[in-house]
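Inspection log for the structure reproduced underneath, given as structure tokens.
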Amino acid sequence: QTHLIVIVLGDSGVGKTCLTHRFCTGTFPGKTEATIGVDFRERVVEVEGEKLKLQLWDTAGQERFRKSMVQHYYRDVHAIVFVYDVTNTTSFRSLPVWMEECRQHSLGQDVPRVLVGNKVDLATSVASSTTLEQARRLADVHGMPFYVCSAKGDDKKQVDTIFMTLAQRLKRQGGLRRKGPSVSGSFKLPSKDDERERNWRCVSSRA
Ligand SMILES: Nc1nc2c(ncn2[C@@H]2O[C@H](COP(=O)(O)OP(=O)(O)OP(=O)(O)O)[C@@H](O)[C@H]2O)c(=O)[nH]1
């Protein structure tokens with residue numbers, strides 16, 4: 001089965017966990033904790049008669065919890081979802097930093113990407129519509145589709161559309177890699193003991 005790895009990036013609290021949860025389970029989680037490292041969620045979807053496993057990598061937004069986001073997390077990524085919170089201008093202003101992080105990890109413009117403004121259920125003010133206009137422009141400049149949605153709202157289709165459109169685009173562009181066994185669960189930051197053990201293993205294997 002074809003696995004597609006989609007990395008989800010954005011500031012802490014923008015709703016990356018809720019969005020990926022909503023897409024994979026159909027529900028809005030009652031309570032979320034800050035993600036530490038990366039959490040994995042997956043859903044099998046059918047695109048033009050082919051079953052594809054979409055594996056969503058829900059990454060930590062908090063810098064202190066991103067220390068385990070080493071190069072290899074980025075290596076096999078097929079697509080990127082940048083998320084900001086439409087009620088939080090700072091999360092919008094951070095987007096170039098997330099884009100730069102992708103660039104530094106060799107994810108070029110050829111890797112399909114989308115921009116998502118989440119929490120539209122909370123957006124009432126004129127300020128947020130200003131950001132919407134800016135977001136549209138930013139998305140245009142970077143040649144990516146832009147969606148507004150709510151991981152919490154009644155319309156589940158909104159969230160589905162984002163990931164399904166991405167899956168269709170990936171399938172159409174071809175060249176999907178077959179990947180190994182599925183991964184689920186999470187990678188947490190290694191403890192000091194883990195690190196010590198790994199160092200030891202490394203030394204002993206060379207001996
Ligand atoms: N009203 C509303 N609240 C949301 C929505 N999405 C997320 N939230 C809330 O926003 C808060 C943060 O959501 P998370 O999904 O944990 O945010 P995150 O981006 O994964 O945060 P980190 O793991 O720290 O990077 C939680 O209290 C959610 O309930 C949404 O669409 N609407």
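Order of appearance sets the numbers: ligands from 1, and atoms from 1 within every ligand.
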Open item on the list: Does the plane of the ring in Trp57 sit parallel, tilted or perpendicular to the ring in Phe40? Use 30° and 60° as the thresholds.
Closed with: perpendicular
- [ ] Keeping the roles fixed (side chain from Arg22, backbone from Gly153), state whether a donor-acceptor pair exists under 3.5 Å.
- [x] yes
Task: Salt bridge present between Lys119 and Asp85 (N-O < 4.0 angstrom) - done: yes
All salt bridge (charged side-chain N to carboxylate O under 4.0 Å, His left out) counterparts of [X], not counting sequence neighbours:
{"X": "Lys16", "result": "none"}
{"X": "Lys156", "result": "Asp160"}
{"X": "Arg103", "result": "Glu100"}

Are there any N/O pairs under 3.5 Å between ligand 1 and the protein, and if so, what are their distances?
from: ligand 1; atom 1: 1 (N); to: Asp121; atom 2: OD2; distance (Å): 2.8
from: ligand 1; atom 1: 6 (N); to: Asn118; atom 2: ND2; distance (Å): 3.1
from: ligand 1; atom 1: 10 (O); to: Lys119; atom 2: NZ; distance (Å): 3.0
from: ligand 1; atom 1: 15 (O); to: Thr17; atom 2: N; distance (Å): 3.2
from: ligand 1; atom 1: 15 (O); to: Cys18; atom 2: N; distance (Å): 2.9
from: ligand 1; atom 1: 16 (O); to: Thr32; atom 2: OG1; distance (Å): 2.8
from: ligand 1; atom 1: 17 (O); to: Gly15; atom 2: N; distance (Å): 3.2
from: ligand 1; atom 1: 19 (O); to: Gly13; atom 2: N; distance (Å): 3.4
from: ligand 1; atom 1: 19 (O); to: Val14; atom 2: N; distance (Å): 3.3
from: ligand 1; atom 1: 19 (O); to: Gly15; atom 2: N; distance (Å): 3.0
from: ligand 1; atom 1: 19 (O); to: Lys16; atom 2: N; distance (Å): 2.9
from: ligand 1; atom 1: 19 (O); to: Lys16; atom 2: NZ; distance (Å): 2.8
from: ligand 1; atom 1: 20 (O); to: Lys16; atom 2: N; distance (Å): 3.4
from: ligand 1; atom 1: 20 (O); to: Thr17; atom 2: N; distance (Å): 2.9
from: ligand 1; atom 1: 20 (O); to: Thr17; atom 2: OG1; distance (Å): 2.8
from: ligand 1; atom 1: 21 (O); to: Gly13; atom 2: N; distance (Å): 2.9
from: ligand 1; atom 1: 23 (O); to: Thr35; atom 2: N; distance (Å): 2.7
from: ligand 1; atom 1: 23 (O); to: Thr35; atom 2: OG1; distance (Å): 2.9
from: ligand 1; atom 1: 24 (O); to: Ser12; atom 2: OG; distance (Å): 2.7
from: ligand 1; atom 1: 25 (O); to: Lys16; atom 2: NZ; distance (Å): 2.7
from: ligand 1; atom 1: 25 (O); to: Gly61; atom 2: N; distance (Å): 2.7
from: ligand 1; atom 1: 31 (O); to: Asn118; atom 2: OD1; distance (Å): 3.3
from: ligand 1; atom 1: 31 (O); to: Ser150; atom 2: OG; distance (Å): 3.3
from: ligand 1; atom 1: 31 (O); to: Ala151; atom 2: N; distance (Å): 2.8
from: ligand 1; atom 1: 31 (O); to: Lys152; atom 2: N; distance (Å): 3.4
from: ligand 1; atom 1: 32 (N); to: Asp121; atom 2: OD1; distance (Å): 2.8
from: ligand 1; atom 1: 32 (N); to: Asp121; atom 2: OD2; distance (Å): 3.4

